Peer 1: 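Please read through the structure below; I'll follow up with questions.
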Amino acid sequence: MLEVTEDRGAAPEEFEPTIAAFFCNWCTYLAADLAGTSRMKYAPNARVIRVMCSGRIDPQFVFDAFAKGADGVLIGGCHPGDCHYQEGNYKALRRYRLTKRVLDALGVEPERFRLEWISAAEADRLRDVMNEMAAQIKALGPADFSVPDETFPGTDPGLDATAEEAVVS
Amino acid sequence: MSELSAGNGTPRVGVYVCHCGTNISATIDVVAAQQAAETLPGVVISREYKYMCSDPGQEIIKKDIHDLDLNRVVVASCSPCLHEETFRKAVADGGLNPYYFQMVNIREHAAWVHKDMAAATAKANDLIRAAVRRVRLHQPLEARRVPVDPNVMVVGGGIAGIHAALTMADAGKHVYLVEREPSIGGHMAMFDKTFPTLDCAACILTPKMTRVRAHPNIETMTMSEVTAVDGFVGNYTVTVRHNPRFIIEDACVGCLECIDACVFRNGKTQDEFNLGLSKRKPIYIPFPQAVPQVVLIDPAGCIEFRTGKCKKTCVEVCAERNAIDFQQEATTEDITVGAVIVATGFETFDATRLPRYGYGNLDGVYTALEVERLVNASGPTDGEIVLRNGRKPEAIGVIHCIGSRDKNTNEYCSRVCCMYSLKLSHLLKEKTDAEIYEFYIDMRTAGKGFEEFYNRVAEEGIHFIRGKVADVYPEAGNPDKLVLQAEDTLAGMVRQIPVDMVVLATGLEPRQDAEDVRRTFNITCSGGGFFMERHPKLAPVSTFTDGVFLAGACQGPKDIPDTVAQAGAAAAEALALIDAGFIELEPNTAFVVEENCSGCKTCVGLCPFNSISYADGKAQINEVLCKGCGTCVAACPSGAIRQNLFDDDEIFEEIAGVLTNA
Amino acid sequence: MREYDYYPGCSLKGTGKPYEESLLAVFDALGARVDELEDWNCCGATAYMAVDELEAVALATRNLALAEQSGRDLLTPCNACWLVLNKTAGRLSNDTGLHNLVCTALESTCTVPRGEEAAPLTYTGSVSVRHPLDVLINDIGVDAITAKVTNPLQGITVAPYYGCQIVRPLSPFDNQDNPVTMDSLLGATGCTVLEDYPFKTRCCGASQMMTMPDVGLDLVSMLLADAAARGADIVAVACPLCQFNLEAYQGRLSGGNGEPVEMPILYFTQLIGLALGIDKKTLGLGRSFVNPERALAGRSLDE
Amino acid sequence: MATEVMVRSESDRDVEFAAWFTGLVGEQKLRACIHCGLCSGSCPLARHMDFGPRKLMYLAREGFADDVLGSDTIWLCTSCYACTVSCPQQIPVTDVMYALKRKAIESGKAPKHHPVPVMAKSFAKMVRRRGRMTEVFLIAGLALRSGIHRYLGMTGMGLNALRTGRVSLRRDSIKRHDELTRLLDAVAAHREKVTRP
């Protein structure tokens, strides 16, 4: 009925965050599929990287994503007790907490790194998380933790340097 | 790392961006995406095409592999759940290892969920770039083959489970049919007639029930529940608990003399089968046609159980057959099967959740299932329509959509209520000649012979009022009469109609314990809580867990014809799986690079499948047991464990790929 | 000692006077202190909302802000006021934009006395607006009331009439479909509570009795005829509007048999007060249009 | 005798009004009405209304602004919320009625001399000025503006109220009524910040 819109002032140039999203194959990836088949609309900021289980997510993936310029990292797994591999999501939770502590120490705002349990049926929840996270990070502004690509370990694909540069540029 | 050149030379990638008709191209500039992909390192050819999954689409890939000497392929189209297999096969047909392929989901994850074309296209570009970077590191792999156990289990002995079990047993498979209740038959056994043909439910169901019992290939386990499921497709170990019925099943011949002999002269306990409209004794048979024809004892009502001082007249009359065993205890059993069909059925909506209709409070208000029992010749009133107050109804109101089509309860339409309401109106009219008022929102009679049945009932003089009853209250000074108040939306006025009997057409809901069942079988639930099929159109009886199939109303509300059809489909899917003799598994197993392993044993305890062992100072992974979750890979402190298809390097490339523009 | 701020609302200063009188007397007898909110204003009721939404919100917010000063719960006996204040509090806490807009305006225009000074009026959102039914059941307790009953109302059948706005759309302390708090409180007085009264939450017509008397009379006649048919001697109410509507025009109604309707309509607080032995004058019984003496005397005959 | 023409052409539809109406509640809920009739069925006043809530909302959704804003249905609504808690689509019907009441007053299409809008306006005016409502003056004002004949039947009641001391003939007012008026002016000035679809 009555909605109050806050004064925002002149809109600055719209910053669109990029979010690296690691989704497990059995729950959250399928939730994203369901959101698609249900034609739900959400913020286009996340880029989904599929893994079989949230337990596969190495903290290095998270650090690497921030180092490569991600403004946020989202991990999506099955609800506790629902893991396709029995308990991979508990491992993910443990690692998430550790990673979070390190990120906190590095000054990464808590909104930039999230772990969410989203089952294959919870497309609406996926949509909400996507929207919420995008809005929160938009409000925070860009993250600036990136370091030049080549200095980070594990990214050397063994290609010749020119090809690599071409990709980066 | 130099695997790239291992036998396959410099990566030569082909990228194919699909329009999917306009499904993708309406939101993503497919040509721009195709052009962006052209510039990526290693990409030899980039094309866009209307339908990549079509035969001509696949032909393009095969031809390019041949003509352009491609050794990697990326297809940007729909979800890999849909077409990964299709394209892997095309790649293999083109002469490459099928795992030199990576799929990009730009339909479900981009085109369908975004509105802004520029943003969606940018996202598609990032995802394609990531796939190109990743696919260059792909390794040739081979799918793993494992043998399939030829036995099957059906969980739930309603009409869905019965039909699935019989189909598979007739095909020569050994079937374990597990039912929680003391008899198979499910809800259908409680129905009087079935719409629209008005066949008597018992007449068509009972022969099937007896056939289950007699079938040499079916092992029926009543009073039994699945408590745990272990293993994987083709090789499940299912733990079944058999609850005690306090009767030795093989010794009981179903003479029912013990029931007559029971010290209770009359029943004291509400009869579950008649929904509390009649009483039963503590030793009883659920209903006359129960299968197995074996009695059971309800310890809550039995004097022997409560005091240990009963005369035990039941034991006396059973005499030398000696079938009664007060000491019986629950037992558990592990059963190995190759596939499982879950057919656990539904529950009817609990009408007390909507106090406005007075169920449980006003005597004249009944649920439809109760009325099924009332009109049934072997029901609590022998088929006479006698109300709780002893009177015969002269006016009856039937209210549709109780617990359906209402966001405060269940948003979905329960599909069967319109038809069963018509059926009950017809039966009640026939038996009482009462004035019958059906209050409906929309009459949904889509089914073979359904509309014809609606017409027939309308011609019988039933009043159809389009509007949901808002209030049911007893008439002042005449509490036997219940006033139904509703807007007659067609007439545009509020009507108040006094009736003697109200029938609530309660909707169908998932079982209370559907959540536990879901966890046990590692399957998923849809929004409303029913079990979720793998694909609503193309894999309607499969689940996301291979080897677990769905049949009947546990997947969603459905009528008997649809249930039976679905049960047949589930049986066919299970048979196809079993008869193949083996299954192919994704080659996404983990392996240890021995020279890097420091022998710290971190991984050993992590594996939920005990596939990691430790010998000679090194960890070893048993590839047969590994399911490919990758938890050990992430945990290995020295990076010595790697995973096929999801190797660290591949994921790092993907991360770099999606973030290049960030 | 329990203490409450008290928001009477306009009606309790006029036609609803007996509600105020009996409420204050009962709370006093039960050892609870009640202080009238300083300089409260009209809650806006349903009429203001029909004219201007934002101003209606502001009206209610000023009262909430005044009540927040003491930190005590706000006792609000009128169903309509109770709903308006509760609904506004809920909207302000769910809508930060609305909260900021209204509260900024409040702070810059309104004051509250602080000692000799006048301080700007602020509202953070911490006020709990409570109906006497809620307070009596949950804070004071039926047992405490029963313990003080000196004059049980045996032999009288009372129909508990809740009205609408106390259970809809919010129902924080009672069952929305079948409220029972008044039943329990009346039960403590020793009277017979009519359990089977299906119209207990049906609307009394609210202000329509004033604007469109024919419509109001139609609704009221159904409610009263049904209560009478079910054997009620008295209808108990918890809202000044319900009380007025049910009582004011009984002379113009006729029951099913053509006899004039004569159904005393008493506040539940008046009945509790009687049971606690408080005298009739203090409870405002003399202000009834329909004399309750006969119905109440029915009891003395039984004694 | 002339018959009423019951045909409406598309040009009779006020598309802007329909858009305003369906935008009143988020997610286009008002378009999702399934016409079950629970709102009208549960409405205690529906028996006196020209349309009842279901039909009224349907007409509004289709853009028949004159029928809707001139109807007595909106003014008979007493805000008892029976419809709101019943609605299977969770449409806040009562709040929608309030919005229609405001629109009707704003647009001047409310039925002339209908006692309910007349009363609402005098109520608001009185409260705006004095901070409180005094029943007797409200009724007196109402009688003057919407036709005194309607209220002759009230005299007996009025005497009763006087006799029992339940009527105050003193105009009630709060102490800091000037502050209140300023508050209302202040929020009214912010009205453009409020998005009214």
Side-chain angles (χ1 to χ4, degrees), chain C residues 10-11 13-18 39-42 44-55 57-59 62 80 83 97 101-102 104-106 108-111 121 163-165 168-169 176 201-203 205-208 210-215 218-219 248-249 251-252 286-289, chain D residues 44-45 47-48 76 78-82 84-85 92 94 98-99 101-102 105 115-117 119-121 123-124 127-128 131-136 138-139 142 146 150-151 153-154 156-157 160-161 164-168 172 174-177 179-180 182-188 190-191 193-194:
Chain C
C10 306
S11 290
K13 296 296 177 188
T15 48
K17 213 165 199 157
D39 206 37
W40 58 269
N41 57 264
C42 167
T46 54
Y48 214 114
M49 188 54 82
V51 177
D52 192 297
E53 187 171 18
L54 205 48
E55 291 186 25
V57 170
L59 273 177
R62 181 172 177 274
L83 178 63
L101 190 158
V102 175
T104 310
L106 187 72
S108 61
T109 55
C110 295
T111 61
L121 187 55
C164 48
Q165 297 200 334
R168 289 189 302 263
Q176 183 164 75
T201 64
R202 182 173 287 206
C203 177
S207 54
Q208 299 297 8
M210 203 167 22
T211 46
M212 305 187 77
D214 295 346
V215 173
D218 179 34
L219 294 179
Y249 298 103
R252 286 169 58 183
R287 300 189 192 275
S288 306
F289 297 171
Chain D
L45 279 304
R47 50 201 271 139
H48 296 279
L76 280 163
T78 60
S79 317
C80 81
Y81 293 91
T84 298
V85 301
T94 311
Y98 276 129
K101 287 175 189 174
R102 290 191 293 269
I105 291 183
V116 185
M119 196 279 285
K121 280 187 277 188
F123 182 100
V127 170
R128 209 173 200 286
R132 285 191 198 160
M133 177 271 295
T134 316
E135 290 152 337
V136 66
L138 187 65
I139 295 177
L142 178 64
S146 67
R150 288 174 197 267
Y151 301 96
M154 278 187 168
M157 181 277 295
N160 259 336
T164 55
R166 283 165 66 176
V167 59
S168 161
D172 204 356
I174 66 171
K175 277 186 276 175
R176 299 189 293 281
H177 53 83
E179 289 185 5
L180 181 72
R182 282 210 301 276
L183 167 67
L184 297 178
D185 288 343
V187 291
H190 280 93
R191 202 167 291 145
K193 263 195 193 169
V194 178

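Protein chains get the first letters and strands the later ones, always in sequence-line order, with residue 1 at the start of each. Since the structure is predicted, the reported quantities are computational estimates derived from the model, not experimental observations.
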Peer 1: Can a donor-acceptor pair be found, under 3.5 Å and without considering hydrogens, that links the side chain of C:Arg168 to the backbone of D:Thr84?
Peer 2: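 Not confirmed, C:Arg168 side chain does not pair with D:Thr84 backbone.
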
Peer 1: For the residue pair C:Met212 and D:Leu76, establish whether any side-chain heavy-atom pair is separated by less than 4.5 Å.
Peer 2: yes

Peer 1: Suppose we screen for side-chain contact (heavy atoms from CB on, under 4.5 Å). Which residues come up paired with C:Leu121, at least two apart in sequence or across chains?
Peer 2: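 For C:Leu121 the side-chain contact (heavy atoms from CB on, under 4.5 Å) partners, ignoring immediate neighbours, are C:Arg62, C:Ala65, C:Leu66, C:Gln69, C:Leu106, C:Cys110, C:Val112.
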
Peer 1: If I compare all heavy atoms of C:Gly205 with all of D:Thr78, which pair ends up nearest, and what's the gap?
Peer 2: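 Nearest heavy atoms, C:Gly205 then D:Thr78: O-CG2, 3.4 Å.
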
Peer 1: Please round to the nearest 0.5 Å and tell me the distance separating atom OG1 of C:Thr46 and atom CE of D:Met119.
Peer 2: 6.5 Å

Peer 1: Report the option among C:Ala80, C:Ala105, C:Pro169 that has the most heavy-atom pairs separated by less than 4.5 Å from atoms of chain D.
Peer 2: C:Pro169

Peer 1: Any idea which of D:Arg182, D:Glu135, D:Lys101, D:Arg132 has the most non-hydrogen atom pairs under 4.5 angstrom with chain C?
Peer 2: D:Arg132

Peer 1: If you count heavy-atom pairs under 4.5 Å between each of C:Ala58, C:Ala206, C:Ala45 and chain D, which one has the most?
Peer 2: C:Ala58

Peer 1: May I have the step-by-step check of side-chain contact (heavy atoms from CB on, under 4.5 Å) for D:Leu45 and C:Leu219, ending in yes or no?
Peer 2: CA-CA 8 Å; D:Leu45 279 304; C:Leu219 294 179; 3.7 Å; yes

Peer 1: Of the listed residues (C:Pro213, C:Gly16, C:Gly286, C:Cys164), which shares the most heavy-atom pairs with chain D below a 4.5 Å separation?
Peer 2: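 The candidate making the most pairs under 4.5 Å is C:Cys164.
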
Peer 1: Contact part of C:Tyr249 toward chain D, heavy-atom cut-off under 4.5 Å: side chain, backbone, both or neither?
Peer 2: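 For C:Tyr249, the contact with chain D is made by the side chain alone.
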
Peer 1: Identify the two heavy atoms, one from D:Arg102 and one from C:Glu53, that lie closest to each other, and give their separation to 0.1 Å.
Peer 2: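 Result for this residue pair: NH2-OE1, 3.0 Å.
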
Peer 1: Side chain from CB out, backbone as N, CA, C, O: work out which of these in C:Ser207 comes under 4.5 Å of a heavy atom of chain D, or both, or neither.
Peer 2: side chain

Peer 1: So what's closer than 4.5 Å to chain C heavy atoms on D:Leu138: side chain, backbone, both or neither?
Peer 2: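 Just its side chain gets close to chain C.
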
Peer 1: Shortest non-hydrogen contact from D:Phe123 to C:Gly44?
Peer 2: CE2-O, 3.6 Å

Peer 1: Chain D: which of C:Lys17, C:Met210, C:Arg202 shares the most heavy-atom pairs with it under 4.5 Å?
Peer 2: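 Winner by heavy-atom pair count: C:Met210.
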
Peer 1: Does a salt bridge link C:Asp218 with D:Arg47, judged by any charged N lying under 4.0 Å from a carboxylate O?
Peer 2: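 The answer is yes: the pair qualifies as a salt bridge.
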
Peer 1: Under a 4.5 Å cutoff for heavy-atom pairs, which residue among D:Ser79, D:Ala186, D:Pro117 has the most contacts with chain C?
Peer 2: D:Ser79

Peer 1: Tell me, do D:Val187 and C:Leu101 make a side-chain contact under 4.5 Å, heavy atoms counted?
Peer 2: yes

Peer 1: Please state whether the side chain, the backbone, both or neither of D:Ile105 comes within less than 4.5 Å of a heavy atom of chain C.
Peer 2: side chain

Peer 1: State which residues pass salt bridge (Lys or Arg N to Asp or Glu O under 4.0 Å) with D:Arg128; sequence neighbours excluded, sorted by chain then number.
Peer 2: C:Glu55, D:Asp185

Peer 1: Are the side chains of D:Leu180 and C:Leu59 in contact, using a 4.5 Å heavy-atom criterion?
Peer 2: yes

Peer 1: Is it the backbone or the side chain of D:Ile174 that comes under 4.5 Å from a heavy atom of chain C, or both, or neither?
Peer 2: both

Peer 1: What part of C:Ser288 is in contact with chain D, defined as an atom under 4.5 angstrom from a non-hydrogen atom: side chain, backbone, both or neither?
Peer 2: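 Just its backbone gets close to chain D.
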
Peer 1: Against chain C, label D:Val85 side chain, backbone, both or neither, depending on which of its atoms sit under 4.5 Å from a heavy atom there.
Peer 2: side chain

Peer 1: Could you tell me if D:Glu179 and C:Thr111 have a donor-acceptor pair between their side chains, going purely by distance under 3.5 Å?
Peer 2: yes

Peer 1: Quick check: closest heavy atoms across D:His48 and C:Val215, and the distance to 0.1 Å?
Peer 2: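 For D:His48 and C:Val215, the tightest heavy-atom pair comes out as CD2-CG1, 3.7 Å.
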
